[in-house]
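Since the model is a prediction, treat every value here as computed from it, not as a measurement.
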Amino acid sequence: MLVKEALDKYGKTPDKLIGAMLAYQKSTLCNYLTEEDIKEFAKETKIPESRIYSIASFYSLLSMKERGKYIVMVCYDVPCYINGSVNVVNELEKILEIKMGQTTTDKLFTIEYSSCLGCCDKAPALQIGATLYGNLTPEKISSILSTYRGKKDE
Ligand code: FES
């Protein structure tokens, strides 16, 4: 997807910009926005580059750092923390052989902290793409990750 295509689909006004940026980012191989992308969004929308940059750096769903195809967002708000999100993170780090915030060498997974995912009744929880996983235990992590390995493009 091109920046222009994302803007044509979602709209060029400031209130539609985040949707366009998310869609464009998702279409990139490494799930992030480059400096060139920021410039392109600014040029196409006539919104100052500094404003586009501040949006990209403020929203946690947007990134200016190269990431994996799948972002594993682990909720770290209080209900999830109390219910063992630390164990979930430890298991993810062990299986993927990376630390929080890092990307696997095959560029498949990035692990990131998230604020509340809106399913506190199923704490601890994580989200990959649009899919939420709750009531997690370390034993469930391997099976969840394996569903994304070898998965065809969506
Ligand atoms: S606190 Fe984790 S989903 Fe709400």
Side-chain angles (χ1 to χ4, degrees), residues 1 3 6-7 9-11 13-35 37-38 41 45 47 50-154:
M1 175 182 275
V3 166
L7 289 166
K9 184 172 179 184
Y10 289 88
T13 55
D15 60 318
K16 309 280 193 233
L17 190 56
I18 294 171
M21 290 171 81
L22 280 169
Y24 175 77
Q25 176 181 268
K26 189 168 185 247
S27 76
T28 65
L29 278 181
C30 293
N31 242 319
Y32 79 119
L33 302 167
T34 65
E35 295 285 342
D37 296 332
I38 299 295
F41 272 105
T45 59
I47 294 172
S50 59
R51 178 83 183 113
I52 306 284
Y53 182 84
S54 68
I55 291 169
S57 21
F58 180 77
Y59 289 97
S60 60
L61 292 176
L62 294 167
S63 178
M64 293 197 63
K65 192 176 92 180
E66 191 174 355
R67 299 188 295 174
K69 181 175 180 182
Y70 300 110
I71 313 297
V72 182
M73 299 176 67
V74 184
C75 176
Y76 225 64
D77 268 347
V78 174
C80 282
Y81 183 81
I82 289 170
N83 283 289
S85 56
V86 172
N87 300 329
V88 170
V89 170
N90 288 343
E91 189 67 10
L92 282 165
E93 290 181 337
K94 190 175 98 186
I95 293 172
L96 297 175
E97 300 179 327
I98 55 174
K99 292 291 180 194
M100 177 54 72
Q102 294 181 332
T103 299
T104 53
T105 51
D106 61 3
K107 308 268 188 239
L108 199 56
F109 297 103
T110 298
I111 323 172
E112 293 184 352
Y113 286 125
S114 166
S115 53
C116 180
L117 295 168
C119 58
C120 314
D121 58 325
K122 295 185 177 75
L126 66 74
Q127 183 170 355
I128 304 176
T131 307
L132 282 165
Y133 298 91
N135 298 316
L136 295 173
T137 60
E139 294 73 31
K140 293 179 180 174
I141 301 302
S142 177
S143 154
I144 291 169
L145 293 176
S146 69
T147 64
Y148 292 88
R149 291 196 165 108
K151 196 172 183 177
K152 298 230 187 258
D153 286 343
E154 294 152 18

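By the 4.5 Å heavy-atom criterion applied to side chains, I111 and T104 are not counted as neighbours. A 4.5 Å side-chain heavy-atom check between R149 and Y70 finds every atom pair outside the cut-off. Side-chain contact between V89 and V86 is absent, with no heavy atoms from C-beta onward closer than 4.5 Å. Looking at F41 and L7, their side chains come closer than 4.5 Å, going by heavy atoms from C-beta outward. With a 4.5 Å cut-off on side-chain heavy atoms, I52 and M21 count as touching. Side-chain atoms of S63 and N31, non-hydrogen and from C-beta on, never get closer than 4.5 Å to each other. Looking only at side-chain heavy atoms (C-beta outward), M64 and I38 come within less than 4.5 Å of each other. You'll find the side chain of E66 reaches within 4.5 Å of the side chain of Y32, heavy atoms only.
Considering OG of S114 and CE of M73, their distance stands at 4.0 Å, rounded to 0.5 Å. Annotation: the span from L92 atom CG to L145 atom CG amounts to 6.0 Å, rounded to 0.5 Å. Expressed to the nearest 0.5 Å, how far OG1 of T105 lies from CD1 of I98 amounts to 9.0 Å.
Judged by distance alone, with hydrogens and angles left aside, the side-chain atoms of S85 form no donor-acceptor pair with the main-chain N or O of V88 at under 3.5 Å. A donor-acceptor distance shorter than 3.5 angstrom exists from the side chain of E93 to the backbone of M100, with no hydrogens or angles considered. In terms of modelled atom types and a separation under 3.5 Å, the side chain of Q25 and the main chain of L61 share a donor-acceptor contact. The backbone N or O of N135 lies less than 3.5 Å from a partner atom in the side chain of K140, making a donor-acceptor pair. Distance alone, capped at 3.5 Å, places no donor-acceptor pair between the N90 side chain and the N87 backbone.
Between L17 and T45, the shortest heavy-atom contact is CD1-CG2, 4.0 Å. Minimum interatomic distance between A6 and Y24 (heavy atoms only, all atoms of both residues): CB-CB, 3.9 Å. Counting all heavy atoms, side chain and backbone alike, K65 lies closest to G101 at NZ-O, 3.0 Å. Contact detail for A23 and Y10: the closest heavy-atom pair is CB-CE1, 3.3 Å. When all heavy atoms of P124 and N83 are compared, the pair lying nearest together is CD-O, 3.2 Å. Scanning both residues, S60 and E112, for their nearest heavy atoms gives O-OE1, 4.2 Å.
Not a single salt bridge (charged side-chain N to carboxylate O under 4.0 Å, His left out) links K16 to another residue, sequence neighbours left out. Residues satisfying the side chain to side chain contact (heavy atoms under 4.5 Å, CB included) criterion with S57, sequence neighbours excluded, are Y53.
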Sequence neighbours excluded and cut-off under 3.5 Å, please list the side-chain donor-acceptor pairs for residues 125-134, or say none.
residue: Q127; atom: NE2; partner: G129; partner atom: O; Å: 2.9
residue: Y133; atom: OH; partner: Y148; partner atom: OH; Å: 2.7

- Query: Given the rule in the side-chain contact (heavy atoms from CB on, under 4.5 Å) test, do I144 and L136 qualify, once you have shown the distances and angles that lead to the verdict?
  - Reply: CA-CA 10 Å; I144 291 169; L136 295 173; 3.5 Å; yes
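Heavy atoms of other residues, nucleotides or ligands lying less than 6.0 angstrom from OH of Y113 number more than 12.
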